[in-house]
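Worksheet: one structure, shown below.
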Amino acid sequence: MRPRAFGAEFYDRDTEHVARELLGGVLECTVDGVTCRGRIVETEAYVGEHDAACHASVGRTARTAGLFGPPGSAYVYLIYGMYWCANVVTRAEGLASAVLLRAVEPLDGVDVMRRRRGVRRDLDLTSGPGKLCDAFAITGPRFHGASFTRGALRLCEGTPVPDAAVAVTPRVGINAKNSAVDWPLRWIVRDSPWVSARSDTRRWLNAAR
DNA sequence: TCGCCGATCGGCT
DNA sequence: GCCGATCGGCGAA
């Protein structure tokens, strides 16, 4: 059954709330007639031009223009010349912030994901921002600037995740000299095996106790 | 299981 | 030129 997509008003709010509430939601992407779905288990917030880890901290450029776009639009960029990362833009148009989709639990289209990824273990299909874009065939040319509220790329209502099952950590992959390195803007489903950076996450959660 | 390293290229200084 | 919101393979422990 086709789930219902979040509307633009869902994204026209504080980025932290959107990131938190996307946990348990469903990412859906249709390419070449095949639909893949996954339950979102990990997100990160990039909260604006004052956030040194946010691409928009350099201001509005050709690259970052998408971050200033309307709520619910896709900001898809290439990292390390090799991997795509998918974000959903938050807050009103003109405010540069977004939620990075970092990991999902595969639900539908798993065979296609396996073919696209070519990895040994299913756990490596979608447990990272570059991995999930590969598994779902999300690329910049296909989806940068598209809307997550309708069409081939959607974010949909799923089963909400209770606070007791959620953990918050600093974001992954932020350079140690970045002033925002420690900001707690990563949300995960605490016990999901599908989250990225598993050993780092375990270490951080243990140290925080 | 951990840590290191190379791949690969567009955007920015 | 430099470096990154990453990933997978490798060798060591």
Side-chain angles (χ1 to χ4, degrees), chain A residues 15-16 18-20 22-23 27 38 40-69 73-91 95-104 106 113-145 148 155 168-188 193-207:
Chain A
T15 309
E16 294 91 328
V18 178
R20 163 64 181 85
L22 276 175
L23 293 182
L27 171 66
I40 299 170
V41 297
E42 178 177 351
T43 58
E44 279 178 359
Y46 290 82
V47 294
E49 297 181 69
H50 63 288
D51 174 2
C54 183
H55 290 169
S57 61
V58 301
R60 192 195 286 254
T61 66
R63 180 200 196 195
T64 64
L67 281 170
F68 294 80
S73 56
Y75 174 72
V76 183
Y77 72 95
L78 187 67
I79 187 163
Y80 295 103
M82 245 175 291
Y83 300 102
W84 296 99
C85 288
N87 299 248
V88 55
V89 173
T90 56
R91 307 194 69 193
L95 298 178
S97 52
V99 173
L100 170 67
L101 305 176
R102 281 198 60 91
V104 305
M113 297 184 200
R114 291 194 186 104
R115 198 178 322 143
R116 288 174 177 153
R117 295 280 296 127
V119 291
R120 278 197 186 78
R121 312 174 323 152
D122 280 359
L123 265 186
D124 289 319
L125 288 176
T126 57
S127 55
K131 297 177 187 178
L132 76 87
C133 282
D134 193 21
F136 282 71
I138 297 171
T139 67
R142 273 200 192 93
F143 293 118
H144 181 64
F148 274 104
L155 284 166
V168 183
T169 82
R171 292 171 292 186
V172 174
I174 308 299
N175 192 299
K177 64 181 176 9
N178 191 301
S179 61
V181 63
D182 290 325
W183 293 9
L185 294 176
R186 173 180 180 235
W187 283 262
I188 61 175
W194 300 96
V195 301
S196 75
R198 304 222 25 226
S199 55
D200 284 350
T201 302
R202 267 197 310 276
R203 250 197 305 277
W204 195 92
L205 291 176
N206 289 335

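In what follows, every chain begins at residue 1, and chains take the letters A, B, ... in the order their sequences are listed. Side-chain atoms are counted along with the backbone in the values below, which use heavy atoms only and exclude waters and symmetry mates.
- Taking the side chain as every heavy atom from C-beta outward, A:K131 and A:L125 never approach each other to under 4.5 Å.
- Heavy atoms of A:R186 sit nowhere under 4.0 angstrom from any nucleic acid atom.
- Between the side chain of A:N87 and the main chain of A:Y75, a donor-acceptor pair closer than 3.5 Å is present.
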Base-pair string, DNA chain C, Watson-Crick plus G-U, cut-off 3.5 Å on both distances, | for inter-strand, is ||||.|||||||.

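- In this structure, a donor-acceptor pair under 3.5 Å is absent between the side chains of A:H144 and A:Y77.
- Put simply, A:T61 has no side-chain N or O that comes within less than 4.0 Å of OP1 or OP2 on B:dG11.
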Nucleotide by nucleotide, nucleotides 4-9 of chain C touches protein heavy atoms under 4.0 Å in the pattern (B base, S sugar-phosphate only, - none) BBBSS-

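- Among residues two or more places apart in sequence or in another chain, the side-chain hydrogen bond (donor to acceptor under 3.5 Å, both in side chains) test is passed with A:S57 by none.
- Rounded to whole angstrom, the span from the CG atom of A:L123 across to the P atom of B:dT1 amounts to 11 Å.
- Atom OG of A:S97 sits about 9.5 Å away from atom CG of A:D51, to the nearest 0.5 Å.
- A distance of about 22 Å separates the C1' atoms of C:dG8 and B:dG10, rounded to the whole Å.
- Put simply, the side chain of A:T64 never gets that close to the backbone of A:L67: no donor and acceptor are under 3.5 Å apart.
- Residues A:S196 and A:S127 have side chains that never bring a donor and an acceptor to within less than 3.5 angstrom of each other.
- Cation-pi geometry between A:R91 and A:F68 is not met at under 6.0 angstrom from the ring centre and within 45 degrees of the axis.
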